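Right, one structure below, let's go through it.
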Amino acid sequence: MEKQQMLYEGKAKQVFKTENPDLIIIRYKDDATAYNNVKKASIDNKGLLNNEISAIIFGKLHEAGIKTHFIERLNERDQLCRVVKIFPLEFIVRNIIAGSMAKRLDIPEGTKPNNLIIDICYKKDELGDPLINNDHAVALGTATYEELETMYSITRKINEVLIELFKELGITLVDFKIEFGKTLDGEIVLADEISPDTCRLWDIETNEKLDKDRFRRDLGKVKEAYEEILKRLKK
Ligand code: UDP
């Protein structure tokens with residue numbers, strides 16, 4: 001499958017047309033951004049690592065019966081995926097409080113809530129992807145209540161699968177962000193990527209951060225953390 005014209009370029013990925021109108025090629029870049037584009041850098045080989053990490057995770061989710069846009073990894077940087085229309089929503093699952101929620105509500109990072117927390121954010125760079133609720137999401141025309149329910153339900157299932165997957169690798173799945181899309185025949189499927197760019201992953205024993213917080217917070221050894229995640233996933 002050959003790349004044709006570029007349809008879209010985002011912060012970490014490019015999307016290309018293919019000769020098949022149902023399929024696109026997604027290319028993973030090395031660029032990293034944080035704090036709504038305020039902090040930018042290129043991390044050597046991040047694209048290669050995230051392409052492979054996300055491909056493995058989407059494969060595991062497929063095995064668990066979750067429908068996704070992912071078809072196959074084509075080479076070091078490219079994946080073949082189904083065309084979907086992305087809902088302009090981010091679903092954020094929080095098993096442990098960290099990041100923006102810790103800050104906004106003044107809760108110590110690392111606190112384990114008794115309940116599962118799912119945030120939704122409106123994907124709009126100009127607004128900094130604000131936290132919204134279901135009524136806002138519907139009023140904004142991003143999805144119907146029924147579509148939201150479907151996405152929440154898939155999100156909970158994905159969380160269950162990923163918690164177990166990472167636990168076996170000695171990793172705590174602290175939080176993560178996912179996105180959904182609608183296929184040409186109207187099915188809601190998991191889209192985008194799941195990688196250390198989009199998850200917080202802490203070593204179970206040492207609590208060492210093995211994710212993008214190493215970049216956001218200038219902790220060093222960013223690439224090494226992503227390599228460690230890939231190494232454990234490949235075991
Ligand atoms: N996240 C993401 N993209 C975003 C915002 C958040 O992938 O645009 C991920 C982030 O990596 C973390 C989780 O979602 O795993 C929760 O992020 P949070 O809301 O705490 O925001 P942050 O601290 O990243 O600003």
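In listed order, ligands and their atoms are each counted from 1. None of these values were measured; they are calculated from a predicted model.
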Next on the checklist: Determine whether a donor-acceptor pair (N or O, by modelled atom type, separation under 3.5 Å) exists between the side chain of Asp30 and the backbone of Lys46.
Outcome noted: yes
Item to check | Backbone of Ser54 reached by a side-chain donor or acceptor of Ser195 within 3.5 Å | outcome: no
Checklist entry - Hey, are Glu109 and Arg217 close enough for a salt bridge, meaning a charged N less than 4.0 Å from a carboxylate O? => result yes
Next on the checklist: Between Asp197 and Lys177, does any NZ, NE, NH1 or NH2 come within less than 4.0 Å of an OD or OE carboxylate oxygen?
Outcome noted: no
Around [atom], find the nearest protein heavy atom and jot down its residue, atom name and distance.
atom                    : value
atom 22 (P) of ligand 1 : Arg200 NH2, 3.6 Å
atom 11 (O) of ligand 1 : Arg216 NH2, 2.8 Å
atom 14 (O) of ligand 1 : Lys177 CB, 3.4 Å
atom 13 (C) of ligand 1 : Asp175 OD1, 3.5 Å
atom 5 (C) of ligand 1  : Glu90 OE1, 3.9 Å
atom 6 (C) of ligand 1  : Ile92 CD1, 4.2 Å
atom 18 (P) of ligand 1 : Ser100 OG, 3.3 Å

Next on the checklist: Please determine whether any non-hydrogen atom of Arg94 lies less than 4.0 Å from an atom of ligand 1.
Outcome noted: yes
Next on the checklist: With the threshold set at under 4.0 angstrom, would you say Val174 reaches ligand 1 through any of its heavy atoms?
Outcome noted: no
Any chance [atom1] of [X] has more than 12 other-residue heavy atoms, nucleotides or ligands included, within less than 6.0 Å?
X      : atom1 : value
Lys60  : NZ    : no
Lys103 : NZ    : no
Glu2   : CD    : no

Next on the checklist: At less than 4.0 angstrom from any non-hydrogen atom of Asp197, what atoms of ligand 1 do you find?
Outcome noted: 7 (O), 11 (O)
Checklist outcome for this item: Per-atom filter on ligand 1: closer than 4.0 angstrom to a heavy atom of Gly99 are 20 (O), 23 (O)
Checklist entry - Is it the case that one hydrophobic cluster holds both Ile118 and Ile158, taking links as side-chain heavy atoms less than 4.5 Å apart, direct or via other members? => result yes
